[in-house]
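Letters go in sequence order (proteins before strands), and every chain restarts at 1.
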2 protein chains.
Amino acid sequence: MTQLALTIDRPTTMPPVRLGGSQWARDRAGGGFEPTSAVRAVGPVQYFTRDRDIYGEGEDAALFFKVVSGVVRTCKFRSDGRRQIDSFHFAGDLFGLEAGSEHSLCAEAVCDCAVVSYRRRGLETLAESDGALSRQIFSFAMRSLARSQKHALLLGCGTAVEKVAAFLVELAAAAPESTAIALAMTRQDIADYLGLTMETVSRTLSRFERDCLIELPTARQVWIKNLAALRNLGR
Amino acid sequence: MTQLALTIDRPTTMPPVRLGGSQWARDRAGGGFEPTSAVRAVGPVQYFTRDRDIYGEGEDAALFFKVVSGVVRTCKFRSDGRRQIDSFHFAGDLFGLEAGSEHSLCAEAVCDCAVVSYRRRGLETLAESDGALSRQIFSFAMRSLARSQKHALLLGCGTAVEKVAAFLVELAAAAPESTAIALAMTRQDIADYLGLTMETVSRTLSRFERDCLIELPTARQVWIKNLAALRNLGR
DNA sequence: CGATTGCTTGATACCTCTCAACCCAGGTGG
DNA sequence: CCACCTGGGTTGAGAGGTATCAAGCAATCG
């Protein structure tokens, strides 16, 4: 499949908008590039500090976004205050593209991060006449769907050990060349992503360290010591 | 949004293929109809008896399907034998449309059912030149995504009571005019959809009946007696 | 240095799973 | 017609895993 990319028409040290960026996978190889299909970025890069809202649930979804740097979470809040994180978005990932006119989730900065925004309408009108682009958009949507299904699978069948192991494997897959993972998110973030409590996540990580599957030099840094064993636990 | 439909070029007592059919919602109002965009059904209607495989995980995804009658489940099996149901598909729903070349889930007949199949390539080539159709496809994919996210939410935060209540509300939403629900699926199916055990589903339903939220004239028939209360429990 | 925040660890309670027995309806065959 | 069998469903008792509540620890920051 060709790697079609939307470019941003700015002096641009920014990466091109690649539809269907990494979704947790670092096929982040040099952006394919297609000068004929361009969607204008709306305004300059925007910066958000940790925990700042990027958009709220129910807000107008005229814009969608791309992570330039940092990590973004999309999540939902329940009446009782519990939070469920649907996904983490890393540099290169798109988020906030919706079928309806409103954002169905809210987006927040997990750590200090930078994003650029695009008009959905621009993308849609362009896709009308650009078959290849519309195919890319379809592919992006379907891969988002696959990711969500995988997440549902994770949440559905599983003990804490399975969930946390699968989470680590997911993160590790994002940087296959390295065994070191820097966690941008808190234990609470991980818990809300996995449908667990902070304490259970912490206990499970401690247990993995006791069992020599990982090492935790600091709370936010993980060294994978036995990926195969984690992968085994993860399902 | 216009209700574009793909038609089937057969003598046809069959409903047209509507992209983005019901997904659990019975906006099944008279099929919008667009004779210029047609995708040929591949072969005649196929019939499957209960528990029969329609396609398996990893099989070639050249075809996708539409439920004509009955109910289909798409699911995944784990190494330890546990099954996770991703979704139930009812009459009018499309399933099996993938981004990749293989089916990521398997599809099975929940009860005796009839489906028609379509070539993915046919849809893709048509979409290349038909902007409105490609928009429909995008919309379909995004609504599938929204459904999956909702499912993940359900699996993530929740007690058995919440899950089962939400499931019943989902089913009730599919037939808003009636308070009677016919369950095509077994308790085990429901359990695998909700990430619970059969026993817990059964106990929870019994409890709902004791609390006068529902009535169970037979195991496979549910009368909703207090939808508002269920809705409250469901989140 | 004290305060704050994120994290870890412990004790206990609660919910769900597991295992088991039993029930019930439908189908089959004598 | 009834005995029997089968598959799906219900219900109970006990075990186990995770949530809850609480205390303590470490790093960061004013």
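- More than 12 heavy-atom neighbours from other residues, nucleotides or ligands sit within 6.0 angstrom of CZ on Arg82(A).
- Atom NZ in Lys163(A) sits about 8 Å away from atom P in dT18(D), given to the nearest Å.
- Arg50(B) comes within 4.0 angstrom of sugar-phosphate atoms only, judged by non-hydrogen atoms across all strands, and of no base.
- Rounded to an integer number of Å, the gap from CZ of Arg207(A) to P of dG16(D) is 14 Å.
- Annotation: of the two residues near DNA chain D, Thr159(A) and Thr186(B), the 5′-most nearest-nucleotide partner is Thr186(B).
- Residue Ser206(B) places at least one side-chain N or O closer than 4.0 Å to OP1 or OP2 of dT11(D).
- Looking only at atom types and distance, the side chain of His151(B) has no donor-acceptor partner in the side chain of Ser87(B) under 3.5 Å away.
- In this structure, His103(B) and Phe65(B) have tilted ring planes: the angle between them lies in the 30° to 60° band.
- We find that CZ of Phe208(A) is positioned 17 Å from C1' of dC7(C), with the value rounded to whole Å.
- Rounded to whole angstrom, the span from the CZ atom of Arg210(B) across to the P atom of dT11(D) amounts to 7 Å.
- When the C1' atom of dG6(C) is taken as reference, atom CG of Asp192(A) falls 14 Å away, rounded to whole Å.
- Rounded to whole Å, atom C1' of dG7(D) lies 11 Å from atom CE of Met198(B).
- Between the C1' atom of dC24(C) and the CZ atom of Arg220(B) lies a distance of 14 Å, rounded to the nearest Å.
- Asp192(A) has its side chain out of reach of Arg73(A): every pair of non-hydrogen atoms, C-beta onward, lies at least 4.5 Å apart.
- One can place CG of Leu216(B) at 18 Å from P of dG8(D), the figure rounded to the nearest angstrom.
- Side-chain atoms of Leu154(B) and Leu194(B), non-hydrogen and from C-beta on, do get closer than 4.5 Å to each other.
- Checking the phosphate oxygens (OP1, OP2) of dT8(C), a side-chain nitrogen or oxygen of Arg187(A) falls inside 4.0 Å.
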Sugar-phosphate atoms are those with a prime plus P, OP1 and OP2; base atoms are the rest. Using that split, label each nucleotide of nucleotides 19-30 of chain D B, S or - for protein heavy atoms under 4.0 Å, 5' to 3'.
SBB---------
